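Just so it is clear, the structure is predicted and the values come from calculations on it, not from any experiment.
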Amino acid sequence: MDRAGRQQVLTLLPVCLALAFSLAAMVSTHWCEGTRRVAKPLCRDQPGRLHCIHFSGGHGSGGRRDNGSQAVQYIWETGDDKFIQCRFHVGLWQSCEESLGSTGEKCRSFQSIIPAEEQGVLWLSIGAEILNILLLLTSAILLGSRVSYRGSGFHLLRVDASVAILMVLAGVLSMVAHMMYTTIFQITVNLGPEDWKPQTWDYGWSYCLAWGSFALCMAVSVIAMNRYTAARWEFIEKQRIQKGSRHSQQNFPEPKALESVWETKAAPSPDGHALVSVSEHLPPSDPGKVSMC
């Protein structure tokens, strides 16, 4: 593979990486993650069970358990001991948190959590993310065709220009989508339902992947634009040189054409002069010889 082919492959790799980052962030649920303060559930006479409030019922006379309404229940947890920190993570589609009753997670739609007036903004963010993925896919296809196509000229220049424009648009769309999602999440933290509001939160690895895809988009767009500009100037310079060489060939006749005009014959003279016969090139009515020193 020559140098140009290696440059094309090195440009294609960041585009594929940005596409993979965007797809991973789109389907994952780790854009934001943190902890929630959840009240422990009640667990009666289950001393071995964790993450619950233990209590025991009162006993009647004779050691028998009194299950009536007059039974006294003893709860030993007080203050912050009655709560537990439950971890959660949120994506574009779902919000998942630890399940206290089992080892798995319980998830619900993120759209059902956010305020009603922010539903449209969430769909705009998702739509921008989808358009970003489509633009990245188109750029990858164009660069792949450029790598496999061994031609030159305006076709490759158009591919570079198209890739630069598409990557800029993809980067701008992803940036707008990320900012809209961040705004929606922060509003939901303040105005969302009480059974979901987090106590502490931070951005997750999906959010980092999304912004990494944005950075790759902008880097590839700059590289493609620089390559297009350099190739464009080189192409224009070659055309200018070719036009200049054609113009110089038209202005100066060939040496053979000058040699065919005069055919000379030198003859010795007594005085040491060379006599040149040009009678063949003179008109028929004026024969003669010309003496040339």
Side-chain angles (χ1 to χ4, degrees), residues 20-55 73 75-133 172-215:
F21 283 178
S22 295
L23 287 173
M26 184 78 176
V27 301
S28 62
T29 58
H30 287 269
W31 283 65
C32 299
E33 53 190 18
T35 58
R36 292 180 54 244
R37 191 183 185 189
V38 181
K40 294 180 180 179
L42 299 176
C43 50
R44 182 172 180 175
D45 296 330
Q46 297 178 3
R49 186 176 176 183
L50 300 176
H51 306 311
C52 63
I53 298 176
H54 299 274
F55 71 96
Q73 298 177 352
I75 299 177
W76 305 109
E77 286 83 355
T78 59
D80 292 338
D81 294 335
K82 295 187 297 183
F83 298 93
I84 185 175
Q85 298 295 327
C86 181
R87 296 191 60 83
F88 78 98
H89 50 91
V90 186
L92 291 174
W93 308 99
Q94 287 184 330
S95 174
C96 300
E97 63 181 27
E98 294 177 346
S99 179
L100 299 179
S102 61
T103 58
E105 292 182 338
K106 58 179 181 180
C107 299
R108 52 178 168 171
S109 174
F110 183 60
Q111 187 179 1
S112 64
I113 299 173
I114 65 175
E117 57 272 13
E118 301 297 332
Q119 300 282 342
V121 182
L122 177 62
W123 283 112
L124 284 177
S125 176
I126 294 175
E129 291 289 348
I130 294 175
L131 286 177
N132 168 43
I133 292 175
V172 171
L173 283 174
S174 63
M175 179 184 66
V176 172
H178 305 160
M179 295 176 66
M180 286 192 296
Y181 179 83
T182 304
T183 304
I184 294 169
F185 183 81
Q186 292 176 353
I187 292 175
T188 308
V189 168
N190 296 324
L191 304 177
E194 293 295 332
D195 61 344
W196 180 86
K197 285 185 178 181
Q199 185 178 15
T200 60
W201 65 275
D202 200 354
Y203 299 108
W205 58 266
S206 300
Y207 193 79
C208 297
L209 285 182
W211 280 107
S213 175
F214 163 76

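For the atom pair S109 OG and I114 CD1, the distance stands at 8.0 Å (nearest 0.5 Å). Atom-to-atom distance recorded for N132:CG and L173:CG is 6.5 Å, nearest 0.5 angstrom. With rounding to the nearest 0.5 angstrom, the CG atom of D195 is 4.5 Å from the CZ atom of R108. Atom-to-atom distance recorded for K197:NZ and N190:CG is 7.0 Å, nearest 0.5 angstrom. We find the CD-SG distance between Q199 and C86 to be 11.5 Å, quoted to the nearest 0.5 Å. We find the SG-NE2 distance between C208 and H30 to be 12.5 Å, quoted to the nearest 0.5 Å.
Counting all heavy atoms, side chain and backbone alike, I126 lies closest to L92 at CD1-O, 4.1 Å. Closest approach of P193 and I113 over heavy atoms only: CD-O, 3.3 Å. The two atoms that bring G91 and W31 nearest to each other are CA-CD1, 3.7 Å, heavy atoms only. Across all non-hydrogen atoms, the minimal contact from P198 to V189 is CG-CG2, 3.9 Å. The shortest heavy-atom contact between T35 and T200 is OG1-OG1, 2.5 Å. T188 approaches P115 most closely through the heavy-atom pair OG1-CD, 3.7 Å.
The shortest side-chain heavy-atom distance between V121 and T183 does not fall under the 4.5 Å cut-off. With a 4.5 Å cut-off on side-chain heavy atoms, Y181 and E129 do not count as touching. Inter-residue side-chain proximity for I133 and L23 is flagged as met; some heavy-atom pair is nearer than 4.5 Å.
For the pair Q119 (side chain) and Q111 (backbone), a donor-acceptor distance under 3.5 Å is present. Side-chain atoms of W93 come within 3.5 Å of backbone N or O of M26 as a donor-acceptor pair. In this structure a side-chain-to-backbone donor-acceptor pair under 3.5 Å is present from S125 to A177. With hydrogens and angles ignored, the 3.5 Å screen pairs no side-chain donor or acceptor of R87 with any backbone N or O of E98. In this structure a side-chain-to-backbone donor-acceptor pair under 3.5 Å is present from H89 to T29. A donor-acceptor contact shorter than 3.5 Å is absent between the side chain of K106 and the backbone of E97.
Taking the six-membered ring for Trp, W201 and Y203 have ring centres closer than 6.0 Å.
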*Evaluate side-chain contact (heavy atoms from CB on, under 4.5 Å) for T182 paired with Y207, printing each intermediate quantity in order.*
CA-CA 10 Å; T182 304; Y207 193 79; 2.8 Å; yes
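The aromatic rings of F88 and F185 lie parallel to each other, their planes meeting at an angle below 30°, with 60° marking the opposite boundary.
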